[in-house]
Amino acid sequence: MNLFADIRSLVLTSLEAMVAEGLLPAGLETANVAVEPPRDALHGDMATNAAMVLAKPAGKKPRDIADALVVKLAADPRVAVAEVAGPGFINMRLEGDVWGALVQAVLKADSFGTSTMGGGKKVNVEYVSANPTGPMHVGHTRGAVFGDALASLLDFAGYDVTREYYINDGGAQVDVLARSAFERYREANGLSPELAEGLYPGDYLVPVGEALKEKYGDSLLDQPEEVWLQDVRLFATEAMMDMIRADLKSLGVEMDSFFSEKSLYDTGLIEAAIGELKDKGLIYRGTLEPPKGKLPEDWEPREQTLFRSTAHGDDVDRPIQKSDGAWTYFAPDIAYHYNKVKRGFDEIIDIFGADHGGYVKRMKAAVSALSDGKVACDIKLIQLVKLIKDGQEMKMSKRAGTFVTLRDVVEEVGADVTRFVMLTRKNDAPLDFDFDKVMEQSKDNPVFYVQYAHARVQSVLRKAHDAGVTLTDVANLTDDAEITLARKLADWPRQVEIAAKGHEPHRIAFYLYELASDFHALWNKGNDKPQLRFLQDDLAASSAKIALPRAVAVVISAGLGILGVTPANEMR
RNA sequence: GCACCCAUAGCUCAGCUGGAUAGAGCGCUGCCCUCCGAAGGCAGAGGCCGCAGGUUCGAAUCCUGCUGGGUGCACCA
């Protein structure tokens, strides 16, 4: 049940009736007709902008359309009052029994809020994709949480979602990893490691070195790099991926698919992808203009193989081959997205760190070119996380040893808190992560505030159960606080669709906060008005009263589920 | 020099893709526990929505130009 969608249908059929009666011209575009909660609850339960949106195309005054529409709307049994307000808004107040029916619908279907807007369309959400060269740090954490929540949200909204991790195991940095691991291998064999400048110094490679010794004994020690590099690289990247997978799991993130960059080289997919672009006339030999302003020291005009990304919205064409003929980093990225297109995804979503903002246009251009504009490609940039402890910003520095890993954060504050807090900000806004505040158990902390609401409901339900109360029918909701809460519940399916459409999971977190707030308000009102308490002396009255808090728990639970946060049953 | 992102209450941030008198939390002021969990709630004060134009019935929201901050800018993945 989606009350807003239902009432919107009512508005549309009423408009059709007006067309039939000759009050409106036929063929009006109604896509922009919206039914939403009015800004001020005093205006009613729902408002529509239909008259204002249609005024111009219909060649009529908003007021005239509204006056006629109001009559039709008011005739519906669900609508108690419909009236014109302001410049042409139509405010509606719904009949009281609508809210009881809504609560009932929430409790009946465990799918309340799910949507069919996705229509089963295949979406690929690629996130994390951290280089397999070390443990995940906090920067990756936010991207992981965001991508995971977005994937869940889209799933909830009816899309067929694939969660994917792109393993950068094809480039120079995994060679560096291999050399670093080899030094640890030497160390395991009793030699002192020579961690030259540029190698990874982290001691997370120590166990990898030991495992290498386990496998190879001392047989590699005197061998030249050509002999061992490939094997050690494979061994080390697999060890790193095991570690990353474990890190992700501790956060509650599980991927459907891991895609190896290396596999692109092995299968000739890069050539295939570039060939595809060549067939479209988008590959050519040419020389790029030097960048304006600051000129790199060693800049010189150079003829390169270029992708005509400007034909698909990029600012300049991009090189895909180095002067020695090897592929640039961009080529495998193109091939990877070619592969996504070929796998039949209708929509591709990439989650990048904000420092990769410069690649957005070229990636979109590549997808557009490879799919002839048929596959939508959205790229979400994740801003930095500023860690704060004891009121001080923690500067991350590998050298100073103040490198904070995902594991550190999860172990200190827990996965639930980490996830929720990281979703209380838009992806493109920087986030302050204050260790002291997120641990605080007060309404300062949105996680606990929402959890607390859920725990309160569970507390009531436990007490009700002990008293022998069972859910029967749903009491009429009459008090303002009750109706405000029911109205917020009715808004849930709508919020899901808005959030899914905009790829904005943070909306779910904000919605839950508001829902919890409305619930706490009603709860507290029970202090002054005993008749508002969910547990009454009369068993039958209690049975009907507990429907509303149960419905609240259903929605909080579903919402937290999307965010990947466990709803708490008690918080003592 | 160019591109992208950001600018809203003292602070941290929302703002439903163009709608009504711009919201919440913190902080500040004053209230509410013989009462289902006060880890809560209610009320008040606090705003040229960075600046200047434009689009139209209507702009925090869309367009242009500025100002200030972040990020990135040819073979590095």
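Remember, it's a predicted structure, so these values are computed and weren't measured experimentally. A note on names: the letters A, B, ... follow the listed sequences, proteins ahead of strands, and every chain is numbered from 1.
- For A:Asp67, there are no salt bridge (Lys or Arg N to Asp or Glu O under 4.0 Å) partners at least two apart in sequence or on another chain.
- The side-chain hydrogen bond (donor to acceptor under 3.5 Å, both in side chains) contacts involving residues 302-317 of chain A comprise A:Tyr284-A:Asp317, A:Arg285-A:Glu303, A:Arg285-A:Thr305, A:Thr305-A:Gln321, A:Ser309-A:Asp314, A:Thr310-A:Asp317, A:His312-A:Ser368, A:Asp314-A:Arg318, A:Asp315-A:Lys361, where partners must be two or more places apart or lie in separate chains.
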Pick out the pairs of N or O atoms, protein on one side and nucleotides 7-9 of chain B on the other, that lie under 3.5 Å.
none

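- A sub-4.0 Å separation between OP1 or OP2 of B:G37 and a side-chain N or O of A:Arg462 is absent.
- Considering only side-chain atoms of A:Tyr513, the nucleotide from B:A39, B:A24, B:G15 that sits closest is B:A24.
- Residues satisfying the side chain to side chain donor-acceptor pair (under 3.5 Å) criterion with A:Gln458, sequence neighbours excluded, are A:His454.
- Under the 3.5 Å distance criterion, with hydrogens and angles disregarded, a donor-acceptor pair is assigned to the side chains of A:Asp169 and A:Ser260.
- B:C16: no Watson-Crick or G-U partner with both key distances under 3.5 Å is found in any strand.
- Across A:Val474 and A:Ala547, no two heavy atoms sit closer than the pair CG2-CB, 3.8 Å.
- One finds a side-chain N or O of A:Lys56 lying less than 4.0 angstrom from the OP1 or OP2 phosphate oxygen of B:C57.
- For the pair A:Asp480 CG and B:G41 P, the interatomic distance rounds to 18 Å; values are reported in whole Å.
- Base pairing of B:A45: no nucleotide in any strand meets the Watson-Crick or G-U wobble criterion (both distances under 3.5 Å).
- Here the side chain of A:Leu288 is nearest to one of B:A77, B:A74, B:A39, namely B:A74.
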Under 3.5 Å, which protein N or O atoms sit close to an N or O of nucleotides 70-72 of chain B? Give each pair with its distance.
{"residue": "B:U71", "atom": "O2'", "partner": "A:Ala354", "partner atom": "O", "Å": "3.3"}

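- In this structure, A:Asp528 places its CG atom 13 Å from C1' of B:A43, rounding to the nearest Å.
- Taking the six-membered ring where tryptophan is involved, the planes of A:Phe534 and A:Phe519 are essentially parallel, since the angle between them stays under 30° and well short of 60°.
- In this structure a side-chain-to-backbone donor-acceptor pair under 3.5 Å is present from A:Asn427 to A:Leu381.
- Contacts classified as salt bridge (Lys or Arg N to Asp or Glu O under 4.0 Å) and involving residues 417-427 of chain A (residues at least two apart or in different chains) are given here: A:Asp148-A:Arg419.
- For the pair A:Arg318 CZ and B:C76 P, the computed distance is 13 Å after rounding to whole Å.
- For A:Asp480, the side chain to side chain contact (heavy atoms under 4.5 Å, CB included) partners at least two apart in sequence or on another chain are A:Lys525.
- Shown here, B:G72 forms a base pair with B:C2; the pair counts as Watson-Crick or G-U wobble because both key distances fall under 3.5 Å.
- Within the structure, ring pair (Phe, Tyr, Trp, His ring centres under 6.0 Å) contacts touching residues 424-447 of chain A (residues at least two apart or in different chains) are A:Phe433-A:Phe435.
- Contact annotation: A:Lys380 side-chain N/O to B:C5 OP1/OP2 distance is not under 4.0 Å.
- Close to B:A38, at under 4.0 Å from its OP1 or OP2, lies a side-chain N or O of A:Trp523.
- Taking side-chain N and O atoms only, A:Lys361 has a distance below 4.0 Å to OP1 or OP2 of B:C4.
- One interatomic measurement links the two molecules: CZ of A:Phe534 to C1' of B:C36, which rounds to 8 Å at whole-angstrom precision.
- When distances run from any side-chain atom of A:Arg425 to the nucleotides B:G37, B:A74, B:U12, the shortest one goes to B:U12.
- Remark: A:Arg507 is in phosphate contact with B:G15, judged by side-chain N or O atoms under 4.0 Å from OP1 or OP2.
- One cannot find a donor-acceptor pair under 3.5 Å joining the base of B:A38 and the side-chain atoms of A:Asn527.
- Pairing for B:U21 is absent, with no Watson-Crick or G-U wobble pair whose two atom distances lie under 3.5 Å.
- The separation between A:Glu514 atom CD and B:C13 atom P is 18 Å, rounded to whole Å.
- Aromatic rings from A:Tyr449 and A:Tyr513 are positioned such that their centres are separated by under 6.0 Å.
- Taking only side-chain nitrogens and oxygens, A:Ser459 never comes nearer than 4.0 Å to OP1 or OP2 of B:C36.
- Listed by chain and residue number, A:Lys262 satisfy the salt bridge (Lys or Arg N to Asp or Glu O under 4.0 Å) test with A:Asp266 (two or more places apart in sequence, or in another chain).
- A glycosidic torsion no more than 90° from 0 defines the syn conformation; B:U21 lies beyond that range and is anti.
- Listed nucleotides B:U17, B:G25, B:G37 differ in distance to A:Glu36; the shortest reach to its side chain belongs to B:U17.
- Atom CD1 of A:Ile498 and atom C1' of B:C16 are 4 Å apart (whole Å).
- Listed by first then second residue, pairs satisfying side-chain hydrogen bond (donor to acceptor under 3.5 Å, both in side chains) with a partner in residues 37-52 of chain A read A:Asp45-A:Arg487, not counting sequence neighbours.
- Between B:G25 and A:His520, no contact under 4.0 Å exists linking OP1 or OP2 to a side-chain N or O.
- You'll find the ring centres of A:Phe146 and A:Tyr127 outside the 6.0 Å limit.
- Base-pair partner of B:U34: not found among the strands shown (Watson-Crick or G-U wobble, both distances under 3.5 Å).
- Note: CD (A:Glu300) to P (B:C75) measures 13 Å, nearest angstrom.
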All N/O contacts under 3.5 Å from nucleotides 58-65 of chain B to the protein, with atom names and distances to one decimal?
none

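- In this structure, B:C62 forms a base pair with B:G54, meeting either the Watson-Crick or the G-U wobble geometry with both donor-acceptor distances under 3.5 Å.
- Nucleotide B:U67: paired with B:A7 (Watson-Crick or G-U wobble, both distances less than 3.5 Å).
- With a cut-off of 3.5 Å on both Watson-Crick or G-U wobble distances, the partner of B:G27 is given as none.
- When the nucleotides B:A77, B:A74, B:G15 are ranked by their closest atom to the side chain of A:His506, B:G15 comes out on top.
- Side-chain nitrogen and oxygen atoms of A:Lys437 include none within less than 4.0 Å of the OP1 or OP2 phosphate oxygen of B:C13.
- Applying the side chain to side chain donor-acceptor pair (under 3.5 Å) rule to A:Arg456 yields the partners A:Tyr452, A:His520; only residues at least two apart in sequence or on another chain are considered.
- Nearest nucleotide to the A:Thr328 side chain, out of B:C76, B:C16, B:A20: B:C76.
- Atoms CZ (A:Arg456) and C1' (B:A38) sit 8 Å apart, rounded to a whole Å.
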